[in-house]
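For reference, the structure is listed below as structure tokens.
Convention: sequence-line order gives letters A, B, ...; per-chain numbering from 1.
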Amino acid sequence: MTIYAQFAAHIDAILDRLESEGTIPAGIDRRNVAVEPPRDASHGDLATNAAMVLAKPAGMNPRELSMKIAPLLARTGGVAGTDVAGPGFINIRLDPDAWRDELRAIADAGDAYGRSDMGAGKTVNVEYVSANPTGPMHMGHCRGAVVGDALANLLEYAGHKVIREYYVNDAGGQVDFLARSAHLRYREALGEDIGEIPEGLYPGDYLVPVGQALAEKLGDAHADAPEEEWLALFRAEAVAAMMDLIRADLALLGIHHDVFASEADVVAAGKPEAAEAELRGRDLIYDGVLEAPKGKAPPEDWEPVELPLFRSTKFGDDQDRPIRKSNGAWTYFGNDLAYHFQKAETADMLIDIWGADHAGTVKRIKAAVAALTEGKTEFDVKLVQMVRLLRDGEPVKMSKRSGSFVTLAEVVQEVGKDVVRFTMLTRKADAQMDFDFAKVVEASKDNPVFYVQYAHARIRSVHRKAAAEGIEPGGADLSLLDGEELALVRLAAQFPRIVEAAAKAHEPHRIAFYLNDLAAEFHALWNRGNDVPEKRLLLPDNAPLTKARLALADAIGQIIRNGLAIMGVEAVEEME
RNA sequence: GCGCCCGUAGCUCAGUCGGAUAGAGCAUCGGAUUCCUAAUCCGGGGGCCGCAGGUUCGAAUCCUGCCGGGCGCGCCA
């Protein structure tokens, strides 16, 4: 139990007592009562807003109520004193031993420090990447992949069961173009001169080995056959080959999904029909005619057609949405609706990570999930903004026509997995981001990747140096630590609440910002030793003090490792 | 025209369920290197939190309107 959770429980008990004494009315909503670090460290170690939150429902003024709570809190174990400040904050000063206890708690918990049971074992399905299986991954997919993966780690750390899922869009028309492109490369592999790749097909070289493999596997039986004879086969083969490429690209980032759900399988299993029947039964699907888009000139070939429409307007969308096309085939939305229903069968909560260019379709899919699960399944769509690729401040040119986009593999190869992952988590997902090749590999303070890793490397380094002096960690007398050193424990102890808050908000970037702050405090502590040699962590002539300081450094190192693990970034032993 | 996202220091961005004097990095100015890795640290200057109302003990945060920027708006995927 963290120190914040302990005090939340203490305050709860005090409020129970005040209720039973009749000081405050029973049954007041306490959900907004919080124990937090005070904004300014000089105010104390912990602060609570309890009096301010409860004053109004209790019909008291906040300071009056805080005067009732503060003395009781002052008598709680580990508390050195309390005072009431500002509009009614209760500031708590802890016995310094409380922080020494927390330091031991970090060491005891090790890899588990910061884990929580907040998720209560609830199953969360996080769907991310889901890039179309028509080629290798490019940088446009990268941020969503990292954010989704870090979010999955974060939720797992916070006590959820997590399913990492990839939706393979293998049912749409673009797969026909992929299949034709692969067929062309297959004929090429059989010795035919195919000339220029026609407009509309995929020109990339990555299909060359696919054609060769198909030629070896299938011989020339399909070379001159009409398309309807080979299309289905080439679709399946090409998609499988593309998914192999994509899985390999994801592995470069350390990303591995549990489930690859196929859109074609969803259709083949009749899920869209089942969803349609269900929703028609509840009058949420009807046959109707869409209006032409407003505001802009309608398309030239606009014709009103009757289609089966889902009543997404009942759930806040601005238009009802077709689930089938006029040719009878399912729309993307029709399949997606059925697919989300399928996911909801095995999960208590669904999270989708999407590119911001799909923002316009969030409402309809939220409407669909709300309708199909009758509001029982929590559902969040995280939109991830575009990343602008730069090199020394100049935009990196991307040419789609030649098929030469910047691939994920190239970037990982150039700057490394850890740099890519960390950098992608240094912004909120919904903020736009620049990714400058020159800057992200720069080894300096402006680069949080190196800054945090350097802190960890220093911690490991001082251990190696201490061992060389014959000082091993363990059995430290923590009473030797001074106030400045214990202040670092105070920041370290916030890690569990940062994890919980980040997990609740579905915002893994908060871990990155926290680690940067923690590293900064550690570097500052380290540099005390440059001015005053007695303040160095390693004092060869003073083994007891060195051990105590190593214990502190170890705890910081542990938290950096735990935080980096959530982000999927390695903690390094030394800087190269 | 409608919808979504965004607007915080010169720049890039944090800001916890509404909480105390709004923070960090860069840039700028001034300091620290016989050092456990200076890939670091310490200090100074720099703010109508887009604007105007509202809710409240309290608003950068919630609500309404406006201004500015981005994205989207066919049965595509």
- Which atom of A:Met567 lies closest to which atom of A:Ala150, heavy atoms considered: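 The pair with the smallest heavy-atom distance is CA-CB, 4.4 Å.
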Rounded to whole Å, please give me the gap between [atom1] in [X] and [atom2] in [N].
{"X": "A:Met575", "N": "B:A39", "atom1": "CE", "atom2": "C1'", "answer": "6 Å"}
{"X": "A:Phe89", "N": "B:G58", "atom1": "CZ", "atom2": "C1'", "answer": "9 Å"}
{"X": "A:Asp176", "N": "B:C76", "atom1": "CG", "atom2": "P", "answer": "14 Å"}

Could you work out the separation of [N] and [M] based on their [atom1] atoms and round it to a whole Å?
{"N": "B:A22", "M": "B:C48", "atom1": "P", "value": "13 Å"}
{"N": "B:A14", "M": "B:G23", "atom1": "C1'", "value": "7 Å"}
{"N": "B:U61", "M": "B:G65", "atom1": "P", "value": "16 Å"}

Pairs under 3.5 Å (N/O, protein and nucleotides 69-72 of chain B):
unit_1: B:G70; atom_1: O2'; unit_2: A:Gln432; atom_2: NE2; d: 3.4

- Before accepting this row, confirm whether a basic side-chain N of the pair A:Glu500/A:Arg497 lies closer than 4.0 Å to the acidic partner's carboxylate O.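 Here A:Glu500 does not pair with A:Arg497 in a salt bridge, since their nearest N and O are not under 4.0 Å apart.
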- Side-chain ion pair, A:Asp352 and A:Lys343, N-O less than 4.0 Å: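 Here A:Asp352 pairs with A:Lys343 in a salt bridge, since their nearest N and O are under 4.0 Å apart.
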Name the pairs: protein N/O against N/O of nucleotides 60-62 of chain B, kept only if under 3.5 Å.
none

- Item | Distance in Å, A:Asn335 CG paired with A:His340 NE2, rounded so as to fall on 0.5 Å steps |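 The NE2 atom of A:His340 is 12.0 Å from CG of A:Asn335, to the nearest 0.5 Å.
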- Remember a base hit wins even if backbone is also touched, and classify A:Lys504 as base, sugar-phosphate or nothing at under 4.0 Å, heavy atoms.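 Result for A:Lys504 = nothing.
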- Message: In dot-bracket form, 5' to 3', how is RNA chain B paired? Count Watson-Crick and G-U wobble pairs only if both distances fall under 3.5 Å, and write | where the partner sits on another strand.
- Response: (((((((..((((.....[...)))).(((((.......))))).....(((((..]....))))))))))))....
- Message: I'd like to check A:Ile24 versus A:Met60 (side-chain heavy atoms, cut-off strictly below 4.5 Å). Are they in contact?
- Response: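 Yes, their side chains come closer than 4.5 Å.
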